[in-house]
Amino acid sequence: MDFTVDPATRAFEHSVAELLAGYLTPGLRRRVHDTGTHHDWPLHRAIAAQGWLAAALPVDLGGQGRGPDQLAALFRQLELHAAPYDGVANAMMLGFILGHLGTAWQRQAVLGPILAGDAIPCLGYSEPGAGSDVAAAATSAVRDGEGWVISGQKMFTSLAEEASWAFVLTRTNTEVPKHRGLTFFLVPMDAEGVSVTPVRTLSGKRTNITFYDGVRVDDRWRVGEVDGGWQVMLVALSFERGVAGGVSDIAGLYNDTVGYLMDAANAGGPSLLDVPSVRARLARVAIDKEVADLLGARAAWAAAAGMPRQEGAEAKLFGTEAYGRAASQLLDVLGPLGLLTADSAAAPAGGAIEHASRYAPILTVAGGTSEIQKNLIAERTLGLPRGR
Amino acid sequence: VNLDLSDEQAAVDALFRSFFHRECPPATVRAAEGLGFDPGLWARLRDTGAPAIAIPETSGGGGGGLFDATLLTEAAGAHLAPVPIVEHVVAARLLCAVGATAALAQALDAGRPVSLALRPAEDTAVLVPAGAVAASVIVRSADHLVLCHGEPPMVAAPNGAGLPVADRCLDPSTVLGDASTLPAYEHAVAEWRLLMAAALIGVAEAALAIGVDYVRERHQFGVPIGSFQAIQHGLAELPGQISGARLLAPRGAWRGDQGDEPGFCRDASMAFVFATELARTVTSRVVHYQGGYGVMQEYDAQLYYRRARGWPAQLGDPDGEVDQLADLLYGPARPR
């Protein structure tokens, strides 16, 4: 074993951190807080200008060909800085898919603007009746001459308010097992019949319900084969593997908290950092933070070595559950000050800790619930019989 | 970064694992419960050179480092080996560090292990790890280190974890070093934390394997109980935690071998706290999922359950360890 970080990865991570520090101003955080939209165009364009939206794409597909370890470093920094990066994640995800599966026209019309940082997509997977069971998607796409007519409803289409296209999972065949009757389409958000209803969530973050009311799209908007949607989903998963989301959020929260307490201690007077019960709770969070970080590194490393198994699931499960524990413990540490939101000038760490307690529940759901991760681990790591 | 064992490390690991697999079946563990020590197993382990692996070749050891030692104690832990390998490795390295050449040579040659007391003592060191069987014991006394030479009692204080713990009198003893050697002693205690963490990781992984085998075989309501999600989810939380511990402890060892003392101390402390809780959690669940059989002495799960609790307790209250970690991370607390 060798824990030395590769110099190229270290340098890359440093340049990401430097860029983020320049953009993440109080004004930006204010805007994100007020709108609930976890996206910022100037930051997004700056990241695009570095070519990082194509970081994961192979060089011969026009990308930077960075390995999973560097990709993980990018997301680690985004999470450590609590950057509003949903648009970056969506752009990278769709960019990766179109880079591998897109037609020449899709690359020119969609991939080009995405990688340039001029446009972002939103992701239309979940439905009222299809969450963890995403292959149960019922939104229909029916052939109509040269094109298709799409009808249905998607839940949790975050960033629909900023996106140019929705990447929509549809049902094109009801006569076959559910995984084999799915097809992906890009639906322009300005197409007739598309509507967006905002939904505010517990943390203040905005998401949306998107409706598709007989939306007509040409066949050129289809991504992958007809009834081949699950294969497209597997390409998407191969992008995510090794970059288990939510693994570094705990480090961001811990750093914010310790930074706040250190500042307060340095200002003189009594400090929470001298209270034994506070120190003990912080130290326990520090352990979880290290473990989450190491598991994230292991997932990236396994993906880079080309032998990924359930490392991503194990990292995601541990990191996001640990975040929930940490958010609760660190909020307790603050006592009544923990009540104050970012709207209060007196809120510790700019309200980051109070916010974390409301953000924690989504981390253990988004990108696959803890229960789905446990099902995967039980079946594939432990070799237990498939249960439900 | 390489998060897998190198070929050389994998070979060492396989060697240790096959040794304990062959030489230390559960029957050996059970037979040694009273004293917590199997002299025959210790002799065979010494013949492999393993106990001296982390001593420089120039001092008569195997020339390996802490990393190799974690592989050794993890393998020993997985088989609940009734040999004080953690204490012996740490005490021998401490003798080496303070330049106690003669005592080290004796420790490597003698048929009996050496150990160290984990808390300072004046007249009698209480419940010394391996105190019942160690030929000599290093004790921190006031502002110096001493080496106790008294005959080991060869009787353990009756305990639930099958440990060879016993009180040791400081008379007769010789002074090993003055106050300048105390940092080396503190470093040795940190090494004990790290190697004990590795042993507890071994306990956790072996106990989990027992639990997984059981729930695949045991049928109720006409199906294996391992097909029930309630049981699956209780077990599925564990592999990631074991994997995390198996990164934290090796990183501590790697940092120690690199001479990164603060990084080593932090990781050792974190790994000890994390692995202590992990081993407890895993063994609790495995005993529980075996139902009534889990508490039958005839079943092996209880062997793991008791050691998961007893081994780390030799150092003290885990919450005290957390406080110690906080001091490393945030500096000492100021008086309020």
Side-chain angles (χ1 to χ4, degrees), chain A residues 1-6 9 69 258 261-262 265 270-271 273-276 278-284 286-288 290-295 297-298 300-302 304-305 307 310-311 313-319 321-322 370-371 373-379 381-388, chain B residues 1-6 9 67 208-209 211-212 215-216 223-224 226-248 250-251 253-255 258 266-267 269-271 273-274 277 319 321-336:
Chain A
M1 287 175 120
D2 183 351
F3 293 86
T4 315
V5 178
D6 164 52
T9 301
D69 50 342
V258 173
L261 295 175
M262 290 274 188
S271 165
L273 262 185
D274 297 319
V275 177
V278 172
R279 297 164 63 83
R281 275 177 286 188
L282 281 175
R284 286 188 187 277
I287 297 174
D288 278 355
E290 287 302 319
V291 172
D293 188 50
L294 285 163
L295 287 174
R298 168 173 166 266
W301 178 81
M307 306 173 296
Q310 303 317 308
E311 292 89 351
E314 292 178 11
K316 206 258 175 192
L317 175 64
F318 184 85
E321 292 287 340
S370 291
E371 286 67 29
Q373 312 303 331
K374 288 181 202 172
N375 286 349
L376 278 172
I377 295 165
E379 195 184 318
T381 305
L382 299 179
L384 296 177
R386 190 161 198 168
R388 271 286 178 272
Chain B
V1 175
N2 174 15
L3 299 182
D4 223 343
L5 297 179
S6 69
Q9 290 164 346
F67 194 96
L208 178 60
V212 169
V215 304
R216 288 164 73 167
V223 292
S227 65
F228 300 139
Q229 215 170 36
I231 287 175
Q232 291 191 346
H233 284 194
L235 293 173
E237 285 177 350
L238 306 174
Q241 296 182 26
I242 292 174
S243 299
R246 290 192 72 190
L247 291 164
L248 195 49
R251 188 180 69 181
W254 179 81
R255 284 177 164 169
Q258 304 273 313
R266 276 197 307 274
D267 280 353
S269 188
M270 287 186 176
V273 174
F274 192 76
E277 289 177 6
D319 277 1
E321 287 301 303
V322 175
D323 292 342
Q324 189 267 149
L325 172 62
D327 288 349
L328 294 178
L329 294 172
Y330 318 117
R334 297 173 303 181
R336 304 173 71 213

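Each chain gets a letter, A, B and so on, in the order its sequence line appears, and its residues count up from 1. What you see is a predicted model; the values in this text were computed from it and never measured.
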Task: Shortest non-hydrogen separation from A/Asp2 to B/Trp254 and the atoms involved - done: OD1-CZ2, 3.4 Å

Open item on the list: Is B/Val223 close to chain A through its backbone or its side chain, or both, or neither, when contacts mean heavy atoms under 4.5 Å?
Closed with: neither

- [ ] Give, for atom CG of B/Leu238 and atom OG1 of A/Thr381, the distance between the pair rounded to the nearest 0.5 Å.
- [x] 11.5 Å

Open item on the list: Looking at A/Glu290 and B/Arg266, is there a salt bridge between them, counting it only when a charged N and a carboxylate O are closer than 4.0 Å?
Closed with: no

Task: side-chain hydrogen bond (donor to acceptor under 3.5 Å, both in side chains) involving B/Glu237 - partner list, sequence neighbours excluded - done: A/Lys374, B/Arg285

- [ ] Taking B/Gln232 for its side chain and A/Pro385 for its backbone only, find out whether a donor-acceptor pair lies under 3.5 Å.
- [x] yes

Open item on the list: Please determine whether side-chain contact (heavy atoms from CB on, under 4.5 Å) holds for the pair B/Val273 and A/Arg284, giving the CA-CA distance in whole Å, both sets of side-chain angles, and the decisive distance to 0.1 Å.
Closed with: CA-CA 9 Å; B/Val273 174; A/Arg284 286 188 187 277; 4.1 Å; yes

Task: Part of B/Pro250 within contact of chain A (heavy atom distance under 4.5 Å) - done: both

Task: side-chain contact (heavy atoms from CB on, under 4.5 Å) against B/Ala209, all qualifying residues, sequence neighbours excluded - done: none

Task: Any donor-acceptor pair under 3.5 Å from B/Gln9 side chain to A/Met1 backbone - done: yes

TODO: Quick one: pull up CG in A/Leu382 and CD1 in B/Ile231 and give me the separation to the nearest 0.5 Å.
DONE: 12.5 Å

Task: Interface moiety of B/Asp327 toward chain A, non-hydrogen atoms closer than 4.5 Å - done: both

Open item on the list: Which atoms of B/Phe67 are under 4.5 Å from chain A, going by heavy atoms: the side chain, the backbone, both sets, or neither?
Closed with: side chain

